[in-house]
Amino acid sequence: MNPDYSLLIPEYILAVWAALVVAVDVMMPKLRRDVPAYLAALGALAAGIASVLYIDVNKGFEAIPGVTIMHVDDYTTYMRVLLCGIAVFILLMSAQFVRMRLSHAGEYSAIVLVATLGGMLMVEGTELITSWIALELLSFCFYTLVSFARRELRSNEAGLKYMLLGAFSTALFLYGLSLIYGVTGTTTYDGIAAALSNRGEDLTLALVVGFVFIIAGLGFKVAAVPFHMYTPDAYQGAPLPITAMLSTTSKAAAFALFFRLFTTAFLPAHEEWKWMIALIAAVTMMWGNLVALQQTNLRRLFAYSSIGQVGFMLIAVAAATQDAGSSLLFHMAGYAVTNLAAFTIIVVFFNREGSDEIADLAGLAERQPFLALAMVTALFSLAGMPLFAGFFTKFMLFVSGWDAGLEWLSGVAVVASLISLYYYLMVIRQMYVIAPRVPGRFRTPALLWGVIAVLVVGVFFLGIWPAPLLDAADTAAAFLFRA
Amino acid sequence: MQIHSTEQVVFYLLAVVAVAAALGVVFAQDIIHSALFLVVTLILTAGVYVLLSAEFLSLVQVLVYGGGVSILVMFAVMITRVRDARGPLDGAQKPIAIVAGLAIVTVLVLMISRTEWQQAIPAVNRPDESPVRVQRVITQTDKGQLMSDTDAIGHDLFTTFAVPFEVASLVLLVALVGAIYLARGEEDEVT
Amino acid sequence: MIGVEHAWIIPAIPLGSFIILALLHNVLPRKGDWLGVLAILTSFALVWFVVADAFTNYPDHLPGRESLEWIEAGRFRVDLGIHVDEVAIVMLIVVTTVALMVNIYSTGYMQERHGLTAEEQRRLLPATAAAHGGHGDTHGDAGHVESSGHHETASAVPEPRYGWFFAVLSLFAFAMLTLVLADNLLLMFAAWELVGVCSFFLIGFYWERRSAAEAAKKAFITTRIGDVGMLIGIIMLWKATGTFHIQTVLHAAETGQIGHTYLVISALFLLMGPIGKSAQVPLHVWLPDAMEGPTPVSALIHAATMVVAGVYLVARMLPLFEAADLLRVILTMGMITAVFASIVALAQTDLKKVIAYSTLSNLGIMMVALGAGSVTAAMFHLMTHAFFKACLFLGAGSVIHATHTQEMGPLGGLWKKMPITGTTFIIAALANAGIIPLAGFWSKDEILHSIDSHAGVVWFVIALVWVVLSGMYTARLVGYTFLGKPRDQHIYSHAHESPFAMTLPLIILGALSIVAGFPILHEVGNSLGLPGGISEFLLTPGEHAEEFHFNVGLATAGTLSALLGMFITGFLMASPGRMARFTAAIPGPYNLVKNKFYFDEMYQWLIDRVILVVAYGVAWFDRHVVNDTGVDGFSSLLNYTGFRLKFAQTGKIPNYALAIVIGVLTLAVIAFSTNS
Amino acid sequence: MIPMEHVLILGAALFAIGMYGVLARRNAVLILLSVELMLNAVNLNLIAFNVYLRPNPATGMVFSVFVIVIAAAEAGLALAIILRLFRNRRTANVDEADLLKW
């Protein structure tokens with residue numbers, strides 16, 4: 001009885017395509033350096049389309065009978081499509097950037113695809129070893145990508161920090177996994193859940209310490225305070241499109257893993273870890289939003305802003321209900337669209353000006369009104385204004401937290417999101433109020449103009465008519481709570 | 001503490017020396033010494049694996065870890081001539097680090113000693129006598145054969161964990177590509 | 001035939017107009033201002049169809065409902081739904097009327113921009129900056145005025161964001177009308193935030209001017225503080241009732257399905273929204289600053305519509321606040337705001353600031369009426385106030401347009417130069433003071449009546465004092481601007497009446513300021529198709545119809561108080577120098593009032609102390625909070641915290657690892673202490 | 001027989017020592033070595049649990065094989081990055097690499 005290998009077709013596409021991109025790059029050295037990125041974007045698109053075909057499929061990948069190491073269901077499909085979509089946009093915004101500033105475009109694009117592949121495996125893994133290896137695949141891709149601008153000191157430094165701390169957090173994470181394995185004797189999520197629901201009293205301490213280490217490891221990947229410290233540095237040092245990818249792919253995949261692990265495997269011990277995540281969520285959202293107030297670099301600002309957003313998303317993990325799941329998936333999509341829009345704008349600006357300081361955005365409204373307006377859209381969405389994607393996605397998170405008995409946490413979240421408005425307004429002020437340092441208008445390249453326009457429309461679409469995506473998210477989350 | 005067997009005597013010896021060597025890794029003031037201490041620790045741990053009847057793993061440990069990784073580290077140390085760089089190897093955080101290390105070991109030891117690990121054993125294969133008996137890993141295959149731990153690992157690795165195995169190869173590939181790209185010469189670089 | 005349930009079309013039209021304008025305003029002829037006007041005109045017309053339908057076989061067709069599922073996820077369900085009842089209809093009339101007037105007015109007013117400094121002008125029009133020169137010394141050119149002395153004025157330039165202005169006005173109309181019609185709290189909240197966004201854009205419309213940008217930020221953040229509470233209140237009510245639907249929530253509150261303490265807490269949170277939006281003390285600080293926006297915006301958003309959203313919300317949710325026993329709280333809060341603001345208005349010298357404080361004061365009195373349990377009085381005053389206050393603001397805009405200044409000091413005697421503006425302004429001002437038989441009189445009378453019969457004599461006396469104060473500042477406003485002798489001959493000689501596009505709305509609003517009060521009379525009401533006067537129309541469910549009786553005693557007391565106030569001011573202003581001697585005689589109180597009771601400074605002080613005691617306890621901190629306002633003080637606290645926290649980010653790997661370890665240890669220690 | 005707790009305690013000790021190393025060392029290579037110590041402790045845990053508690057199947061051992069593999073890959077990539085750092089800056093001290101902060 002062979003496992004159903006056809007469940008992994010999107011992964012095969014990505015892997016094969018990655019190899020293809022490298023091969024093309026190697027065999028055609030005269031190729032312009034932005035072509036591999038476009039080629040890879042096609043691959044991501046193909047994988048995304050292939051993923052769509054798995055709607056309503058609900059099947060485990062049983063390596064041997066009874067041991068499900070991966071599960072393809074609507075949750076998987078939702079995240080696969082999201083991750084592929086993110087990859088397409090990342091590659092599109094990378095093309096010009098790579099051409100101007102990096103070498104080895106083929107390897108770059110291929111690794112982006114492999115990172116997406118890793119993210120997809122993280123999402124569908126229902127077995128600790130599989131999920132962890134997938135997590136490592138994603139992390140290794142990011143270690144490489146972050147340090148990809150190899151002669152730039154900042155990129156190198158960011159890579160070093162990310163790599164060493166990542167290895168450290170992996171060690172913590174694994175220690176936690178080993179304790180869970182010790183307590184439950186198995187590594188499949190189902191088995192763990194079964195073992196936890198009739199566990200002996202005197203195992204609780206080992207279990208709780210295991211959870212602490214696992215939360216530290218995953219907290220590092222999603223950048224939750226106090227495991228977040230590498231985030232702003234990695235964001236600032238990495239090549240710009242990779243920063244965008246860190247803030248989207250890495251977060252979405254890690255959260256998908258986080259949520260699946262905690263709500264399917266660890267749910268019977270909910271009481272033991274709920275408070276930990278709630279505590280971390282509260283600290284994360286306050287810390288992220290407060291420190292963001294003081295940033296002068298755009299990327300660092302977005303790093304802290306994303307840390308704040310992580311705090312909001314952790315509410316859903318702490319709540320661990322189906323509603324929380326659907327609002328988490330929903331928020332993830334809204335957040336990804338918004339952040340991609342913001343980063344594409346920053347990429348355009350960076351390609352042109354070579355700067356990512358907030359101060360240099362001064363007068364953008366005069367120099368390039370379209371970018372400024374699109375940026376306002378993204379920032380308002382992040383701040384949770386109605387009409388923009390962020391309003392409903394955030395609101396749903398708060399409500400689901402409140403509903404799950406985490407009233408205080410939702411209260412903190414509402415206050416934190418008020419604070420966030422302040423620094424988003426600072427950026428808007430910079431673009432609109434302050435006189436430009438460098439005079440002169442400039443144009444946005446047509447392709448990136450289109451990309452930004454699509455993303456901005458997406459932000460509004462999610463804000464005005466969220467029902468379709470929310471339905472999808474709800475169906476997806478329902479799969480985790482079938483029992 | 002009562003000593004029951006030679007196995008135990010060997011274990012405690014190995015454990016004490018391994019811990020001492022590990023301390024050597026983190027306290028040595030010469031980077032080469034640190035690396036050598038690490039090799040010692042890893043080999044001693046491999047010895048513990050043998051005591052636990054995990055012979056295959058002890059082999060892997062010695063070959064991959066004790067051999068491969070250590071040699072890699074040595075190479076790195078040589079190439080970067082880190083030894084030539086002056087200055088202490090320890091950072092300013094050392095006192096806090098000692099406190100943190102002690103705190104962690106306290107937490108973990110308390111956790112281990114206060115946990116009734118017996119309860120984690122499924123009732124079906126819970127042995128009658130206590131403490132638990134070390135037993136050879138035996139896996140029942142489809143065809144009903146009994147296997148050693150090497151067989152068992154091989155079997156599981158290529159059935160249950162075939163996909164993670166493939167993914168691990170991808171991880172290695174990415175690491176390889178990344179390492180080559182990053183470590184390579186600079187003749188073709190832009191900027 | 002358009003019935004009440006089709007009222008959703010009313011907001012939909014401005015939305016369409018916004019989308020077209022936002023995308024195409026640079027392409028359309030006249031930058032599309034006609035489209036904005038046309039859209040709101042259509043909405044305005046549709047309102048009357050709705051009104052007609054509502055009055056047919058009244059009250060069979062009310063409340064009109066229509067809803068469409070918007071979002072559904074588990075227990076969470078939001079509809080796009082409308083609920084058209086009497087209160088909503090009044091609001092619809094007010095909003096569309098004022099919005100229409102303001103749109104028309106803006107086609108004249110917003111053509112040019114005045115009072116630019118050289119720097120602002122250079123930034124606004126980088127291409128033409130050289131041609132215009134750094135300073136406006138183009139004498140003799142109509143509309144280009146170099147005034148003497150204390151205010152720097154450059155030449156007027158064509159407004160570069162003219163089309164964008166109309167786009168945002170359309171968006172605002174959409175949001176405000178949605179807010180009015182929403183049948184559930186979440187949709188209402190979305191619209192509520194959206195009007196805040198529009199307000200932000202419009203206050204900061206002249207963003208080249210630093211103060212405008214700062215004011216926009218201040219307004220946005222201050223009102224958001226209220227909104228945070230409101231959001232929590234909404235979530236709490238949802239948690240208790242499982243729905244956002246207003247009527248269902250009200251029903252649950254009235255029938256005691258929500259525990260009393262829980263209800264009180266959630267109602268208090270909910271009330272924070274109106275406190276912020278309707279600028280009640282202590283969150284009022286943003287409204288006077290919001291006058292940095294273009295004057296039509298002040299008329300529309302910061303007088304007639306958006307700021308009354310809070311009043312409207314409380315009116316809609318009044319049964320809930322009643323069940324939570326919070327009416328006294330609302331009453332007290334409103335009265336504090338009303339009296340405080342009208343006192344501050346006495347000492348302001350900026351034309352628009354006086355009117356702004358007058359708005360604050362009227363918002364306060366509406367809250368008082370609600371606190372006395374009378375939705376009727378509050379909504380009626382909301383309506384009349386919208387008309388006369390919009391008229392005052394637009395009149396002030398006309399003055400600014402003609403004189404390029406909004407300081408009252410150099411003005412005077414403008415009535416002769418600007419007869420239409422002057423006449424309508426004076427009518428609206430008298431209405432504001434509550435002189436019989438103008439609109440303001442009837443609604444104030446109604447409020448006094450409700451206070452008298454529900455709140456008690458002490459409150460009634462305070463309300464009379466408030467009327468006196470209103471009379472005083474109104475007389476001062478008119479006296480300084482339109483009456484007396486011109487104090488700056490240069491300005492006076494250049495002043496001129498505004499174009500027709502601007503005077504037409506003034507005339508209409510002036511007329512409304514006269515007649516808008518009459519529907520309270522039975523006969524008028526009947527002839528309009530209402531059964532009885534408007535006071536019997538505007539009832540919340542459960543309120544008992546109370547026929548309006550003209551109470552001579554009450555009317556006399558009200559009018560006499562207003563006249564007394566006007567007389568005091570008149571006496572002080574009658575001979576030159578008397579006012580100055582008077583203020584010099586009472587320097588303490590005068591400075592207190594002139595500095596708005598040091599409210600902003602108080603915030604500053606308070607926040608500094610809180611920071612000192614609670615957060616840091618270090619004396620040198622004071623120097624680090626160098627800011628001028630309360631909100632900025634709050635943000636300094638946050639900024640400072642952020643400033644301290646960011647240094648945790650040392651850039652060194654071992655420190656980062658230590659943070660991780662500390663996190664692990666903290667969690668582990670907590671886990672140990674709870675599990676052993 | 002060796003009590004399982006003692007194997008676990010050996011693991012805990014190695015883990016804590018490794019963690020100390022990460023916190024205290026300022027040379028990137030040494031930090032890496034400390035992480036290897038921690039991973040080794042994890043392996044000890046996994047094998048002990050597998051052998052004592054669930055001798056069947058060999059999941060824990062397979063897990064530790066993966067850990068060793070990934071640890072090796074990690075060492076390779078990390079050393080490449082450290083090498084790059086040394087080329088760029090002539091140092092392997094991590095606290096000298098603090099361009100990015102605040």
Side-chain angles (χ1 to χ4, degrees), chain B residues 4 7-8 11 15 19 22-23 25-26 31 34 38 42 45 49 52-54 57 60 64-65 68-69 72-73 76-77 80 82 89-91 93-94 97 100-101 104-105 108-109 112-113 117 120-121 131-135 137-139 149 152-153 156-157 161 168 171-172 175 178-179 182-183, chain D residues 1-10 12-21 23-27 29-30 33-34 36-37 40 44 47-48 50-59 61-62 64-66 68-73 75-77 79-84 86 91-93 95:
Chain B
H4 295 282
E7 247 175 54
Q8 257 177 310
F11 171 74
V19 169
L23 290 172
V25 175
V26 296
I31 203 161
S34 264
L38 181 70
L42 295 178
T45 325
Y49 294 168
L52 296 178
S53 324
L57 275 168
V60 173
V64 178
Y65 240 8
V69 171
L72 201 61
V73 170
V77 170
T80 58
V82 177
L89 293 173
D90 289 340
Q93 218 174 233
K94 196 172 173 179
I104 276 289
V105 82
L108 293 182
V109 169
I112 291 166
S113 58
W117 293 101
I121 306 173
V132 224
R133 199 163 42 84
V134 176
Q135 59 188 101
V137 177
I138 304 290
T139 296
D149 75 314
I153 293 171
D156 284 359
L157 202 54
F161 300 107
V171 174
L172 286 173
L182 292 172
Chain D
M1 298 297 134
I2 310 159
M4 184 182 81
E5 280 80 355
H6 293 187
V7 183
L8 295 184
I9 288 173
L10 172 61
L14 293 180
F15 189 77
I17 292 170
M19 185 181 269
Y20 160 80
L23 297 183
R25 295 297 207 171
R26 63 196 287 257
N27 185 293
V29 178
L30 287 174
L33 294 186
S34 305
E36 300 297 338
L37 266 185
N40 189 46
L44 211 48
I47 292 167
N50 196 173
V51 168
Y52 286 86
L53 302 182
R54 308 273 172 147
N56 186 12
T59 312
M61 297 204 182
V62 173
S64 57
V65 171
F66 279 113
I68 292 174
V69 169
I70 296 297
L77 188 54
L79 286 172
I81 294 179
I82 296 169
L83 204 64
R84 183 45 69 171
F86 191 78
T91 180
N93 282 352
D95 48 6

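Note on naming: letters A, B, ... go to the chains in the order of the sequence lines (proteins, then strands), and numbering restarts at 1 for each one. All heavy atoms count here, side chains included; hydrogens, waters and symmetry mates do not.
Residues D/Ile81 and B/Leu182 come closest through the heavy atom pair CG1-CD1, 3.6 Å. Nearest heavy atom pair, residue B/Ala183 against residue D/Ala80, reads CB-CB, 4.1 Å. Residues B/Ala152 and D/Ala58 approach most closely at CB-CB, 4.0 Å, considering heavy atoms. In this structure, D/Ala71 and B/Tyr65 approach most closely via the heavy-atom pair CB-OH, 3.4 Å. Scanning both residues, B/Gly178 and D/Leu77, for their nearest heavy atoms gives C-CD1, 3.8 Å.
Once rounded to the nearest 0.5 Å, the distance linking CD1 of B/Ile31 with CG of D/Leu33 reads 7.0 Å. Here B/Thr45 contributes atom OG1 and D/Asn40 contributes atom CG; the two are 4.0 Å apart, rounded to the nearest 0.5 Å. Expressed to the nearest 0.5 Å, how far OH of D/Tyr52 lies from CH2 of B/Trp117 amounts to 13.0 Å.
Heavy-atom distances place both the backbone and the side chain of D/Leu8 under 4.5 Å from chain B. With a threshold of 4.5 angstrom between heavy atoms, D/Ile17 approaches chain B through its backbone and through its side chain. Heavy atoms of B/Leu38 lying under 4.5 Å from chain D belong exclusively to its side chain. With a 4.5 Å cut-off on non-hydrogen atoms, B/Val64 touches chain D through its side chain but not through its backbone. Contacts between D/Ile70 and chain B at a heavy-atom distance below 4.5 Å involve the side chain alone, from C-beta outward.
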| task | Kindly indicate, with the supporting measurements, whether the criterion side-chain contact (heavy atoms from CB on, under 4.5 Å) is fulfilled by B/Val105 and D/Phe15. | result | CA-CA 8 Å; B/Val105 82; D/Phe15 189 77; over 6 Å; no
| Derivation of the side-chain contact (heavy atoms from CB on, under 4.5 Å) call for D/Tyr20 and B/Leu23 | CA-CA 10 Å; D/Tyr20 160 80; B/Leu23 290 172; over 6 Å; no
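Between B/Val60 and D/Val69, every side-chain heavy-atom pair lies at or beyond the 4.5 Å cut-off. In this structure, the side chains of D/Leu79 and B/Val73 come closer than 4.5 Å at one or more pairs of heavy atoms. A heavy-atom distance below 4.5 Å is found between the side chains of D/Leu10 and B/Val19.
Using a 4.0 Å cut-off between charged side-chain N and carboxylate O, D/Arg26 and B/Asp90 make no salt bridge.
Ranked by heavy-atom pairs under 4.5 Å with chain D, the list B/Ala100, B/Gly68, B/Ala168, B/Ala22 is led by B/Ala22. Of the residues considered (B/Ile112, B/Leu108, B/Leu172), B/Ile112 shows the highest number of contacts with chain D, using heavy-atom pairs under 4.5 Å. Ranking B/Val171, B/Leu42, B/Ile104, B/Leu157 against chain D, the residue ahead of the rest is B/Ile104, based on heavy-atom pairs under 4.5 Å. The candidate with the highest count of non-hydrogen atom pairs below 4.5 Å against chain D, out of B/Ala15, B/Ala54, B/Gly91, is B/Gly91.
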